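None of these values were measured; they are calculated from a predicted model.
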Number of protein chains: 2
Amino acid sequence: MKNPLHNLESRELAARLSAAEPPAEIDPKLDALVREIIERVADKWTMLVLEVLEEHGTVRFTRLGELVGDISQKMLTKTVRQMESDGLIIRTVHPVIPPRVEYTLTPLGHSLSRAFCGVWIWAEQHYDEIERSRQSFRRRSSEEQ
Amino acid sequence: MKNPLHNLESRELAARLSAAEPPAEIDPKLDALVREIIERVADKWTMLVLEVLEEHGTVRFTRLGELVGDISQKMLTKTVRQMESDGLIIRTVHPVIPPRVEYTLTPLGHSLSRAFCGVWIWAEQHYDEIERSRQSFRRRSSEEQ
DNA sequence: CCTATTACTCTCCTTTGGGTAAGTATGAAT
DNA sequence: ATTCATACTTACCCAAAGGAGAGTAATAGG
């Protein structure tokens, strides 16, 4: 039992289970899998690489780094390796010197990019609202002191 | 200059700028803002809390932790504080003993939840594909050794 | 007087994220 | 012989994420 918030005595737990929401409707195993994917995929570097490849098509390593913006080689390598392992991108190595490695989205990658599209649009539409909210929060916090 | 991948000599940079994509079409300041929001909001705890509140409506602190799953009190507090500051949730403190604090989504929170909906659906639809991809990646990695 | 309750906060600790800088492989060009 | 190019890898380091567990405030009920 890893979660300290789960330390309920069994009678209380039983009471809650019988009282609360209907039959729970979701398979816990599938839920765990989906969560793991969400955790992995909802990573800022992954999202940024995804967006760059969606916009620019096939791109080489160094250029990809430039387009993503402040990312170190280490993080870029790590991110693309993970994305390759997850089947989001394909990595093509041309056996020439100097090396030439190209990255491009798979259909799965494109579909994820489309799924994230709504979040990008949301961010564009609401960043000013968030900014205002943060300011008033700071004001409230300092006032109540 | 923070990004090592940006160390291009100026002539090469100029060449690339003139050769590459059209006029760049996006305001860099807005782009930076949007990125910052994405980075903050595309956080696993934020996404999970968002989903729980979307599904269960108004929820108290301890219950929220149970519903999210393995999250420590520390992280839960930090996450909800940030979400409150960003205007995604409202936190209602009832001045009673023992304390009673309720969390609920704002309209902004609901809209973000809707934006993320596509990602949840994507994860549900593709987790098996990702799993297969990871397995074949591991197989390939160990083979080429 | 003691206990239970809730939503925290605080301290201590380990793990992960992530930056910097240097090194590597290899052939073509100077 | 040296330099350059590219896509890394490795070693070292610091900061942030995050878990474990104890403590706290204040009151109602035994």
* To do: May I ask you to decide if the ring planes of B:F116 and A:F116 are parallel, tilted or perpendicular, using 30° and 60° as cut-offs?
  => perpendicular
field: Short side-chain to backbone donor-acceptor contact, B:T77 and B:Q73, under 3.5 Å
entry: yes
B:H94 atom NE2 is separated from C:dC8 atom P, nearest whole Å, by 13 Å
Rounded to the nearest 0.5 Å, the CG atom of A:L108 sits from the CE atom of A:M83 at a distance of 10.0 Å
Item to check | Heavy-atom side-chain contact between A:W122 and B:R114 under 4.5 Å | outcome: no
Separation of D:dA20 atom C1' from B:I71 atom CD1, nearest Å, is 15 Å
query = For the side chain of B:T106 and the backbone of B:G87, is there at least one donor-acceptor N/O pair under 3.5 Å apart?
reply = yes
Atom CE of A:M75 and atom P of D:dA16 are separated, to the nearest Å, by 16 Å
d(A:R35 CZ, B:M47 CE) to nearest 0.5 Å is 11.0 Å
Rounded to whole Å, CZ of B:R40 lies from P of D:dA16 at a distance of 14 Å
Only one of A:L48, A:L64, A:T58 passes side-chain contact (heavy atoms from CB on, under 4.5 Å) with A:L53, and that residue is A:L64
Those residues at least two apart in sequence (or on a different chain) that pass salt bridge (charged side-chain N to carboxylate O under 4.0 Å, His left out) with A:R91 are none
Closest to the 5' end of DNA chain D, once B:K78 and B:P98 are matched to their nearest nucleotides, is B:K78
In whole angstroms, the gap separating P of C:dT9 from CG of B:L76 amounts to 11 Å
To the nearest 10 degrees, the angle between the two end axes of the helix from C:dC1-D:dG30 to C:dT30-D:dA1 (five pairs per end) comes to 20°
Rounded to whole Å, CD1 of A:I97 lies from C1' of D:dT3 at a distance of 15 Å
When you check the phosphate oxygens OP1 and OP2 of D:dA17, does a side-chain N or O of B:W45 lie under 4.0 Å from one of them? no
Checking A:R134, A:R138, A:R132 against B:D86 for salt bridge (Lys or Arg N to Asp or Glu O under 4.0 Å), the one that qualifies is A:R134
A:K44 NZ to D:dA17 P, in whole Å, measures 10 Å
Separation of D:dA17 atom C1' from A:E39 atom CD, nearest Å, is 13 Å
Given protein heavy atoms under 4.0 Å, the one-letter contact record of nucleotides 7-12 of chain D, with B base, S sugar-phosphate only and - none, is simply SBB-B-
